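Each chain gets a letter, A, B and so on, in the order its sequence line appears, and its residues count up from 1. For clarity, every value in this text was computed on a predicted model and none was experimentally measured.
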There are 2 protein chains.
Amino acid sequence: MNQDIQNLPTGMGSATAVEPRLLAAEVLERLRDLIIQGELAPGVKLNERVLCERLRTSRTPVREAIKYLASEGLVELLPNRGAIVTPITAATVRETFVLLAALEALAGELACANASEADIAEIRALHYQMLAHHARGELAPYFRCNQEIHLRLVECTGNTALLNTYRALNGHVRRARYMANLSRERWDHAVEEHQGILDALIRRDKALLPLLLRKHLENKMLVVLEELERQAS
Amino acid sequence: MNQDIQNLPTGMGSATAVEPRLLAAEVLERLRDLIIQGELAPGVKLNERVLCERLRTSRTPVREAIKYLASEGLVELLPNRGAIVTPITAATVRETFVLLAALEALAGELACANASEADIAEIRALHYQMLAHHARGELAPYFRCNQEIHLRLVECTGNTALLNTYRALNGHVRRARYMANLSRERWDHAVEEHQGILDALIRRDKALLPLLLRKHLENKMLVVLEELERQAS
DNA sequence: CGAGATCATTTTGTATGCATAATACATTTT
DNA sequence: AAAATGTATTATGCATACAAAATGATCTCG
């Protein structure tokens with residue numbers, strides 16, 4: 001049940017045994033990171049020549065990676081005009097969060113049924129680690145723990161279709177919330193919600209957990225939307 | 001709210017105004033159709049040379065389309081060994097349907113809130129058209145109507161992220177259920193379920209509609225799984 | 001001074017060439 | 001005959017070359 005995160009498909013052919021790495025796969029991951037971490041900002045044009053120089057390859061792998069990312073939704077293809085990083089608008093963020101909320105709710109339901117005790121123990125450990133970062137006011141590590149918890153929850157459903165979809169959509173909004181400035185108040189509230197979520201998971205309360213997750217995601221959405229407006233102004 | 005289906009992104013750069021078609025985009029759609037309609041069966045190796053001859057292009061557009069489809073999940077990349085059509089197993093079908101059920105449930109909920117009267121009227125018209133095909137025992141047209149109804153339901157939520165995800169996942173299982181041999185009994189039952197779904201939509205019953213859709217999808221899953229086992233034996 | 005047209009440059013899209021890894025086949029060996 | 005090894009063939013992955021479209025700069029004319 002507990003998959004090795006190393007061997008989960010993060011994209012192009014990374015699922016084989018001895019892992020013959022392809023250049024295009026390297027380029028893909030590098031590009032994806034650049035986009036998610038905002039170094040390639042929403043709306044920015046992807047110039048192939050520039051990317052080739054930066055990544056030290058020819059255009060072929062770059063173009064193939066861009067096509068992959070286009071299907072993933074992180075870039076938009078403009079026929080005869082190349083590609084841009086998919087712009088983020090309040091509307092798309094809202095839409096994506098609504099979807100993510102439904103997916104996490106489903107994940108919660110399935111996790112109650114399918115998670116192993118070890119899965120739950122691991123999430124619990126991550127939860128306390130997150131609490132520590134919260135107590136120390138360490139925002140970035142907190143975010144990482146937070147992300148990891150949500151990911152683990154989806155993973156331990158054992159539904160790889162769900163996991164793949166979740167990851168793709170999560171990537172879209174992570175761009176927006178990367179380093180969102182949480183007020184202390186909201187932060188505390190988020191942590192409280194996480195406590196409820198963990199408790200429901202431990203009790204395997206398959207009625208409550210989906211509701212809590214959905215609500216939690218809705219609140220996350222509000223934070224991100226605020227941050228988005230703050231940036232816009 | 002009511003999007004023009006023509007301009008929805010079905011893939012590579014089909015989202016522009018006057019639509020300067022790229023060869024790679026043509027190849028993409030053609031390949032996708034070949035896979036979904038089963039002409040390129042699950043597990044089959046995609047030989048670039050063969051595809052190039054068939055589609056009258058060079059390898060570049062074919063390779064780019066394959067990368068796109070890999071992200072979509074319809075093909076699997078094997079490093080240094082090309083790509084195969086993603087195999088269908090009972091497990092992946094089950095996983096995908098569980099996910100689709102959750103997505104359609106969400107769509108039902110959103111549709112109750114957001115669908116225009118015109119949207120509902122159109123779905124109603126399609127429903128009666130479907131009933132006609134059912135009465136005449138016309139399976140293929142029935143399936144098309146059925147698909148169209150489900151698609152319209154998702155479309156009229158106005159959530160394009162949901163729509164895109166739905167379409168991709170739907171493509172995966174459509175390969176399996178393309179021309180599934182329905183028993184008359186099951187067929188009749190499916191039609192009854194659709195009647196209930198339509199009624200709930202008309203009443204905008206946002207509590208009931210998601211439940212009906214989820215149940216409907218579960219039954220569809222059973223049909224597909226049976227068909228899959230029948231084919232395997 | 002500004003709008004529009006013409007031309008140069010850049011960039012994208014497609015085709016092709018070359019190197020390497022994988023596969024198939026034949027030969028040898030046990 | 002089966003297994004193993006070596007060789008030939010094929011297919012893939014990456015780089016590059018060429019063609020067409022888009023961009024932008026300059027020039028002309030109102």
Side-chain angles (χ1 to χ4, degrees), chain A residues 9-32 34-35 40-41 43-71 74-86, chain B residues 9-32 34-35 40-41 43-71 74-86:
Chain A
T10 59
M12 292 175 166
S14 52
T16 35
V18 281
E19 202 87 20
R21 292 291 286 174
L22 297 181
L23 194 45
E26 303 274 3
V27 171
L28 171 66
E29 280 185 36
R30 184 100 184 82
L31 270 182
R32 186 166 27 215
L34 287 174
I35 292 169
L40 287 172
V44 162
K45 206 173 128 180
L46 297 177
N47 184 309
E48 293 179 4
R49 189 181 46 79
V50 172
L51 292 176
C52 290
E53 284 170 14
R54 185 158 183 179
L55 303 174
R56 308 286 192 161
T57 65
S58 71
R59 288 173 56 210
T60 308
V62 170
R63 286 182 59 87
E64 292 183 356
I66 287 174
K67 296 299 183 294
Y68 196 100
L69 290 169
S71 179
L74 285 179
V75 311
E76 241 172 62
L77 300 176
L78 311 175
N80 293 317
R81 294 176 47 193
I84 59 173
V85 178
T86 305
Chain B
T10 60
M12 292 176 165
S14 51
T16 34
V18 280
E19 203 85 23
R21 292 293 284 175
L22 296 183
L23 196 42
E26 305 273 4
V27 171
L28 171 66
E29 278 185 35
R30 185 101 185 80
L31 268 183
R32 183 160 37 210
L34 287 175
I35 292 170
L40 288 172
V44 162
K45 206 173 127 180
L46 297 177
N47 185 309
E48 292 178 3
R49 190 179 46 79
V50 171
L51 291 176
C52 291
E53 284 170 13
R54 186 159 182 178
L55 302 173
R56 308 286 193 157
T57 63
S58 70
R59 289 172 54 210
T60 309
V62 170
R63 287 180 58 89
E64 292 183 356
I66 287 175
K67 296 299 182 295
Y68 195 100
L69 289 170
S71 179
L74 285 179
V75 310
E76 242 171 61
L77 301 177
L78 312 177
N80 292 317
R81 295 175 46 192
I84 60 173
V85 178
T86 304

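A:V62 is listed as a side-chain neighbour of A:T57, based on a closest heavy-atom distance under 4.5 Å. The closest side-chain heavy-atom distance from A:I84 to A:V75 is not below 4.5 Å.
Separating the CG atom of B:L77 from the C1' atom of C:dA22 is a distance of 16 Å, rounded to the nearest angstrom. Here the P atom of nucleotide C:dG13 and the OH atom of B:Y68 are 14 Å apart, to the nearest Å. Atom CZ in A:R56 sits about 16 Å away from atom C1' in D:dA15, given to the nearest Å. If you measure from atom CD of B:E64 to atom P of C:dT14, you get 7 Å, rounded to the nearest angstrom. The CZ-P distance, from B:R59 to D:dT10, rounds to 15 Å in whole Å. One atom, CD1 of B:I84, and another, P of D:dA11, lie 17 Å apart when rounded to the nearest Å. Atom-to-atom, CG of A:L23 to P of D:dT12 comes out at 18 Å; the value is rounded to the nearest Å.
Between the CG atom in A:L22 and the CD atom in A:E64 there is a gap of 9.5 Å [rounded to 0.5 Å]. Atom CG of residue A:L74 and atom CG of residue A:L31 lie 10.0 Å apart, to the nearest 0.5 angstrom. In this structure, CD on B:E29 lies 10.5 Å from CG on B:L69, to the nearest 0.5 angstrom.
Nearest to the side chain of B:N80, among C:dT12, D:dC14, C:dA22, sits C:dA22. Nearest nucleotide to the side chain of B:S58, out of D:dA15, D:dA17, C:dT16: C:dT16. Proximity note for B:L22 (side chain, C-beta onward) versus C:dT14, D:dT16, C:dT16: the nearest is C:dT14.
Note on A:R63: a side-chain N or O is less than 4.0 Å away from OP1 or OP2 of C:dG13.
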Dump every N/O contact between nucleotides 8-11 of chain C and the protein below 3.5 Å, one line per pair.
from	atom 1	to	atom 2	distance (Å)
C:dT11	OP1	A:N47	ND2	3.2
C:dT11	OP1	A:R49	NH2	3.4
C:dT11	OP2	A:R49	NE	2.9
C:dT11	OP2	A:R49	NH2	3.3

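B:R30 meets the side chain to side chain donor-acceptor pair (under 3.5 Å) test with no other residue; sequence neighbours excluded.
Under the side-chain contact (heavy atoms from CB on, under 4.5 Å) test applied with A:R32, the options A:L28, A:L34, A:I35 reduce to a single match, A:L28.
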